[in-house]
Amino acid sequence: ISPNGDDDLGSGNQENPYNSLGHAINYTSNDATIYLNEGKYTGENNRNISLNKSVTVIGKSKVNTIIDCESSGRLFAMNSNSELTLINLTLKNGVLNENGGLIYNEGGKVTIKNCILSNSQGYSNRGAIYNKFGTLNIENTLFINTSASQYGGVLYTNGQTNIRNSNFTQNFLTARESVGGCIASNGNLNLEGCIFSNNFAVYSAAALLNLGNATINNCRFEYLTTNY
């Protein structure tokens with residue numbers, strides 16, 4: 001798809017692309033791969049997408065291929081029948097007065113590689129991602145300036161979560177007794193080669209709140225602050 005494509009007249013191929021991610025997903029089969037040209041993708045068909053199939057979305061470059069939810073909803077809501085892979089993308093401005101400002105995964109599988117997730121909020125809890133009894137795999141990804149109220153400024157998980165070689169910076173929580181400035185986990189969590197820097201929680205645990213099982217290898221925690 002391309003910002004210069006056309007959902008009505010396009011055919012979804014390289015020569016005649018669609019214009020929006022939501023339209024492309026609706027008109028593709030299960031296990032499809034969708035390629036995004038560089039540019040910014042905005043508007044109603046690029047947010048609040050309900051996913052019940054397997055889809056891979058690949059951007060041309062992570063810095064210049066941007067899906068902007070414009071602070072008007074989340075990007076994806078997924079069920080247990082869905083599988084989502086995101087590669088080489090910037091996902092930003094997902095804002096919702098619920099859990100998971102960008103991605104709400106209820107029992108599905110999410111893989112995120114070489115992406116930037118930024119400026120997103122889950123005003124209730126679980127800032128950018130809520131992994132509810134699903135599987136979440138993250139690699140070589142930057143999380144910056146995401147927030148929530150009580151738990152998990154970047155993500156909350158009670159499923160299986162594996163994160164490798166990723167950076168968490170300038171993420172925060174806002175509630176008076178908030179804990180887990182980046183991650184709140186009540187499931188199985190594996191962290192390897194990650195950096196947590198300049199994150200904030202009002203009460204405690206500016207980087208990680210672990211209430212489940214966690215394995216942490218070769219990670220760095222620095223410049224983390226709380227008010228207590």
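Because the structure is a prediction, the values reported are computed rather than measured. Positions are given from 1 along the sequence.
- Cluster annotation: L75 is connected to V154 through the hydrophobic network of ILVMFWY side chains, with a link wherever side-chain heavy atoms come within less than 4.5 Å.
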Test side-chain hydrogen bond (donor to acceptor under 3.5 Å, both in side chains) on N199 and N171; report intermediate values, then the result.
CA-CA 5 Å; N199 302 292; N171 306 291; 3.1 Å; yes
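- Note on ring orientation: taking the six-membered ring where Trp is involved, the planes of Y18 and Y27 are tilted (angle from 30° to 60°).
- Considering every non-hydrogen atom in both S178 and T174, the closest pair reads OG-N, 4.3 Å.
- Contact annotation: the side chain of L91 never approaches that of D68 to less than 4.5 Å [non-hydrogen atoms, C-beta and beyond].
- In summary, of the residues considered (I103, V110, N105, L155), a side-chain contact (heavy atoms from CB on, under 4.5 Å) with N131 occurs for N105 alone.
- Under a hydrophobic clustering in which Ile, Leu, Val, Met, Phe, Trp and Tyr are joined whenever their side-chain heavy atoms come within less than 4.5 Å, directly or via other members, V179 and I129 fall into different clusters.
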L117 and T141: CA distance, side-chain angles, deciding distance, side chain to side chain contact (heavy atoms under 4.5 Å, CB included) verdict:
CA-CA 8 Å; L117 279 69; T141 290; 4.0 Å; yes
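- Between the side chain of N79 and the backbone N or O of G108 there is no donor-acceptor pair closer than 3.5 Å.
- A side-chain donor from one of S11 and N13 sits under 3.5 Å from a side-chain acceptor of the other.
- Distance check: Q14 CD to Y35 OH gives 10.5 Å after rounding to the nearest 0.5 Å.
- Inter-residue side-chain proximity for T157 and N186 is flagged as unmet; no heavy-atom pair is nearer than 4.5 Å.
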I would like to know whether L191 and I183 meet side chain to side chain contact (heavy atoms under 4.5 Å, CB included); could you show each step before the answer?
CA-CA 11 Å; L191 297 174; I183 299 172; 4.1 Å; yes
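- In this structure a side-chain-to-backbone donor-acceptor pair under 3.5 Å is present from N158 to F133.
- Shown here is Y203, whose OH atom has no more than 12 heavy atoms of other residues, nucleotides or ligands within 6.0 Å.
- A heavy-atom distance below 4.5 Å is found between the side chains of S197 and E222.
- Counting heavy-atom neighbours within 6.0 Å of K53 NZ, excluding the residue itself, gives a total above 12.
- Side-chain contact between F172 and N145 is present, with heavy atoms from C-beta onward closer than 4.5 Å.
- Of all heavy-atom pairs spanning C219 and G193, the tightest one is SG-N, 3.8 Å.
- Criterion: ILVMFWY side-chain heavy atoms under 4.5 Å apart, direct or through other members. Under it, I67 and V55 are part of a common hydrophobic cluster.
- There is no path of hydrophobic side-chain contacts, each under 4.5 Å, that joins F200 to F196.
- Here the closest heavy-atom approach between residue S185 and residue L189 is recorded as OG-CB, 3.7 Å.
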Verify side chain to side chain contact (heavy atoms under 4.5 Å, CB included) between I216 and L208, making sure each step is shown before the conclusion.
CA-CA 11 Å; I216 302 172; L208 168 65; 3.7 Å; yes
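- The distance from the CG atom of N4 to the CG atom of N19 is 8.0 Å, given to the nearest 0.5 Å.
- Between N93 and E70 there is no side-chain heavy-atom pair separated by less than 4.5 Å.
- For the pairing with I1, the side-chain contact (heavy atoms from CB on, under 4.5 Å) check across I25, I34, V57 returns one residue only, I34.
- The line from NZ of K113 to CD1 of I87 is 5.5 Å long, rounded to the nearest 0.5 Å.
- Dense packing is recorded around CD of E38, with more than 12 heavy atoms of other residues, nucleotides or ligands lying under 6.0 Å away.
- Scanning all heavy atoms of the two residues, the minimum distance from G39 to P3 falls at CA-CG, 3.8 Å.
- A 4.5 Å side-chain heavy-atom check between L36 and K60 finds every atom pair outside the cut-off.
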What verdict does the side chain to side chain contact (heavy atoms under 4.5 Å, CB included) test give for Y41 and T65, after you've listed the backbone C-alpha separation in whole Å, the side-chain angles of each residue and the deciding distance to 0.1 Å?
CA-CA 8 Å; Y41 296 85; T65 309; 4.2 Å; yes
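- Side-chain polar atoms of N213 and N188 form a donor-acceptor pair below 3.5 angstrom.
- Shown here is K109, whose NZ atom has no more than 12 heavy atoms of other residues, nucleotides or ligands within 6.0 Å.
- A donor-acceptor distance shorter than 3.5 angstrom exists from the side chain of T90 to the backbone of K62, with no hydrogens or angles considered.
- One finds a salt bridge joining E139 and R164 here, because a Lys/Arg side-chain nitrogen approaches an Asp/Glu carboxylate oxygen to under 4.0 Å.
- In this structure, CD1 in I138 is found 7.0 Å from OG1 in T161, a value given to the nearest 0.5 Å.
- Between the side chains of N162 and N190, at least one donor N or O sits under 3.5 Å from an acceptor N or O.
- Under the 3.5 Å distance criterion, with hydrogens and angles disregarded, a donor-acceptor pair is assigned to the side chains of S54 and D31.
- Atom-to-atom distance recorded for D7:CG and S20:OG is 3.5 Å, nearest 0.5 angstrom.
- Annotation: side chain of R74 is not in contact with side chain of L102 (no heavy-atom distance under 4.5 Å).
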Begin from the C-alpha positions of E106 and K132 and carry the test salt bridge (Lys or Arg N to Asp or Glu O under 4.0 Å) through to its verdict.
CA-CA 5 Å; E106 188 168 6; K132 185 178 181 181; 3.7 Å; yes
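- Linking ILVMFWY side-chain heavy atoms closer than 4.5 Å, directly or via other members, places L89 and M78 in a single hydrophobic cluster.
- The CG atom of L209 sits 9.5 Å away from the CG atom of L173 when rounded to the nearest 0.5 Å.
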Run the side-chain hydrogen bond (donor to acceptor under 3.5 Å, both in side chains) check on N140 and N114 step by step: do they pass?
CA-CA 5 Å; N140 297 324; N114 199 40; 5.7 Å; no
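- L142 places a side-chain heavy atom less than 4.5 Å from the side chain of T169.
- Closest approach of C69 to N46, counting heavy atoms only: SG-O, 4.3 Å.
- Between N119 and T146, the shortest heavy-atom contact is N-CG2, 4.2 Å.
- Aromatic ring pairs are classed by plane angle as parallel below 30°, tilted from 30° to 60° and perpendicular above 60°; the pair F143 and F168 is parallel.
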